Amino acid sequence: MKNMAETYVVATAIFTLTTLLIIYSSSSGNNSSGYKGGFVYNVVTRAPLSLKKWVTKDGYFPAVGNKTMNLHCGQCALITSSSHLLGSEIGSEIDKTECIIRMNDAPTTGYEKDVGSKTTLRVVAHSSIYRVIRKPQEFFNKSQETFFIFWGPPQKMQKNRGSSYKLIHRVVLAFSNLSVFIISPKRMQQFDDLFQRETGRDRKKSHSWLSTGWFTMVIAIELCDNVQVYGMVPPNHCREAQPKHMPYHYYEPKGPDECKTFVGNERAKKGNHHRFITEKDVFGKWAKLYNISFSHPSW
């Protein structure tokens, strides 16, 4: 009886250990998350999807006329709006890059020393359109050769009828030399599908809003052979308490704190929120596939 009891204990222990190993192996094989501690998203490991071939010819339509989105660059600098760029003094380095990509209403005037002065492409969210058109001297008068890509809900961007489209159309009529494009409804759905593929979560059902950074990173991968990202923190940056307040935007020194914004959005389950940390997890995976590097800070 004693031998039988000992055999039973050993068998039970082996079974338990084997089960735990299987569970651990399955978990680590399906997900790769650079961030822990209550966050609700993990980056899903899948066979690589070539974003270089993912773009479609009808992905962007001109706000006016029949121009085509034909921009292509060897080396690109993607400038974030992060306050980590303040004091960096890398503006001249940025301006030497073949193509320079900026987002929303991030200005260069007054910040040239840290963020540069040139702009090749500006990606703008529908929610930032008003802030951009209120400053034509900053964004249009000195940027006649700049490409603009606007994105937003298809109903707002619908040609000739959408409220956001009408605003953009007026701008293009006033500044006829601008090359202005809008992401098509079909393309917008592709961005949603890409988020689900990379995170395992349906964007709408998970109450997530894609950030302008998400759109800009994908567009940069499509248009550029190499991408140098300036000012973007790694996904685990906000895991520990930061020693000082870092504004979310370099041009809004009294604005919300960067890490509080990231963490608050990532943890929120009610309402619609950006998943900044999750997106950066995805960017980290893409970096290995599409010649993306990060500086100030470096990853």
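A quick note: this is a predicted structure, and the numbers were derived from the prediction, not measured. The figures here come from the full heavy-atom set of this structure, side chains too, leaving out hydrogens, waters and symmetry mates.
Here the side chain of Arg201 pairs no donor or acceptor atom with the backbone of Gln196 at under 3.5 angstrom. No donor-acceptor pair closer than 3.5 Å links the side chain of Asn236 to the backbone N or O of Arg239. In this structure a side-chain-to-backbone donor-acceptor pair under 3.5 Å is missing from His84 to Ser81. Using modelled atom types, one side-chain atom of Trp299 and one backbone atom of Met232 make a donor-acceptor pair closer than 3.5 Å. A donor-acceptor pair under 3.5 Å is absent between the side-chain atoms of Arg102 and the main chain of Val123, judged by distance alone. In terms of modelled atom types and a separation under 3.5 Å, the side chain of Thr146 and the main chain of Leu121 share no donor-acceptor contact. Using modelled atom types, no side-chain atom of Asp257 and backbone atom of Pro247 make a donor-acceptor pair closer than 3.5 Å. Remark: the backbone N or O of Ile94 is paired with a side-chain donor or acceptor of Thr97 at under 3.5 angstrom. Of the possible polar contacts, none joining the Tyr230 side chain to the Ser295 backbone as a donor-acceptor pair under 3.5 Å is found. Remark: side-chain polar atoms of Glu93 are not paired, donor with acceptor, to backbone N or O of Gly91 under 3.5 angstrom.
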*Starting from the C-alpha separation in whole Å, work towards a yes-or-no answer on side-chain contact (heavy atoms from CB on, under 4.5 Å) for Leu178 and Val172.*
CA-CA 7 Å; Leu178 295 176; Val172 179; 5.6 Å; no
*May I have the step-by-step check of side-chain contact (heavy atoms from CB on, under 4.5 Å) for Ile133 and Leu167, ending in yes or no?*
CA-CA 9 Å; Ile133 64 177; Leu167 282 173; 4.1 Å; yes
*Going through the distances and angles, do Phe283 and Ile292 end up as a side-chain contact (heavy atoms from CB on, under 4.5 Å)?*
CA-CA 9 Å; Phe283 298 161; Ile292 304 171; over 6 Å; no
*For Phe61 and Lys159, what are the C-alpha separation, side-chain angles and deciding distance, and is it a side-chain contact (heavy atoms from CB on, under 4.5 Å)?*
CA-CA 9 Å; Phe61 65 88; Lys159 195 167 187 177; 4.3 Å; yes
*asked:* Using the rule given for side chain to side chain donor-acceptor pair (under 3.5 Å), can you reason through Glu266 versus Thr278, listing the C-alpha separation, both sets of side-chain angles and the distance that settles it, and then say yes or no?
replied: CA-CA 8 Å; Glu266 191 75 13; Thr278 292; 2.3 Å; yes
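Tyr248 is not connected to Trp209 by any chain of hydrophobic side-chain contacts under 4.5 Å among Ile, Leu, Val, Met, Phe, Trp and Tyr, and they are in different clusters. Hydrophobic clustering, with ILVMFWY side chains joined whenever heavy atoms are under 4.5 angstrom apart, keeps Met103 apart from Tyr251. In terms of hydrophobic clustering, with Ile, Leu, Val, Met, Phe, Trp and Tyr side chains grouped at heavy-atom distances under 4.5 Å, Val229 and Ile219 are assigned to a common cluster. One hydrophobic cluster holds both Leu210 and Ile101 under the rule that ILVMFWY side chains link at heavy-atom gaps under 4.5 Å. Under a hydrophobic-cluster definition in which Ile, Leu, Val, Met, Phe, Trp and Tyr are linked whenever side-chain heavy atoms come within less than 4.5 Å, directly or via other members, Phe181 and Leu78 are assigned to the same cluster.
In terms of heavy atoms, Ser50 sits closest to Tyr290 at CA-OH, 3.5 Å. Minimum heavy-atom separation, Val115 to Pro107: CG2-O, 4.1 Å. Nearest heavy atoms, Tyr165 versus Ala63: OH-O, 2.9 Å. When all heavy atoms of Ser128 and Asp105 are compared, the pair lying nearest together is OG-OD1, 4.3 Å. Considering all non-hydrogen atoms of both residues, His126 and Gly152 come closest at CD2-CA, 3.6 Å. Residues Met217 and Phe294 come closest through the heavy atom pair CE-CE2, 4.3 Å.
Taking the side chain as every heavy atom from C-beta outward, Phe262 and Val233 approach each other to under 4.5 Å. Under the 4.5 Å side-chain criterion, counting only non-hydrogen atoms from C-beta, Asp225 is not in contact with Gln75. Counting heavy atoms from C-beta on, the side chains of Trp151 and Met188 come closer than 4.5 Å. Two residues are said to be in side-chain contact when any heavy atoms from C-beta on lie closer than 4.5 Å; Gln158 and Lys166 fail this criterion. Annotation: side chain of His273 is not in contact with side chain of His207 (no heavy-atom distance under 4.5 Å). In this structure, the side chains of Glu258 and Ser82 come closer than 4.5 Å at one or more pairs of heavy atoms. A heavy-atom distance below 4.5 Å is not found between the side chains of Arg122 and Phe147. Within the 4.5 Å cutoff, no side-chain heavy atoms of Val64 are placed close to those of Val180.
The SG atoms of Cys259 and Cys238 sit under 2.5 Å apart. Remark: SG of Cys73 is found under 2.5 Å from SG of Cys99.
In this model, a donor atom of one side chain and an acceptor atom of the other lie less than 3.5 Å apart for Thr212 and Asn104. Between the side chains of Ser117 and Asp95, at least one donor-acceptor pair of N or O atoms lies under 3.5 Å. Using a 3.5 Å distance cut-off with no hydrogens or angles, the side chains of Ser206 and Ser208 do pair a donor with an acceptor.
Atoms CD1 and CD1, from Ile168 and Ile182 in turn, are 4.0 Å apart once rounded to the nearest 0.5 Å. Distance CE/Met69 to CG/Asp58: 14.5 Å, rounded to 0.5 Å. Rounding to the nearest 0.5 angstrom, the gap separating the CZ atom in Arg197 from the CG atom in Asp192 is 15.0 Å. Atom CZ in Phe175 sits 14.0 Å away from atom CZ in Arg170 (nearest 0.5 Å). Considering OH of Tyr60 and OG1 of Thr68, their distance stands at 13.0 Å, rounded to 0.5 Å. Between the NE2 atom of His296 and the CG atom of Leu86 there is a distance of 12.0 Å, given to the nearest 0.5 Å.
In this structure Lys113 satisfies the salt bridge (charged side-chain N to carboxylate O under 4.0 Å, His left out) test together with Glu89, sequence neighbours excluded. For Tyr111, the ring pair (Phe, Tyr, Trp, His ring centres under 6.0 Å) partners at least two apart in sequence or on another chain are Tyr250.
By the 30° and 60° cut-offs, the orientation of the rings of Phe215 relative to Phe191 is tilted. The aromatic rings of Phe140 and Phe148 are tilted relative to each other, their planes meeting at an angle between 30° and 60°. Between Trp286 and Trp214, the ring planes lie tilted relative to each other; the angle falls in the 30° to 60° range.
Looking at Glu279, His274, Arg275 one by one, the single match for side chain to side chain donor-acceptor pair (under 3.5 Å) with Ser211 turns out to be Glu279.
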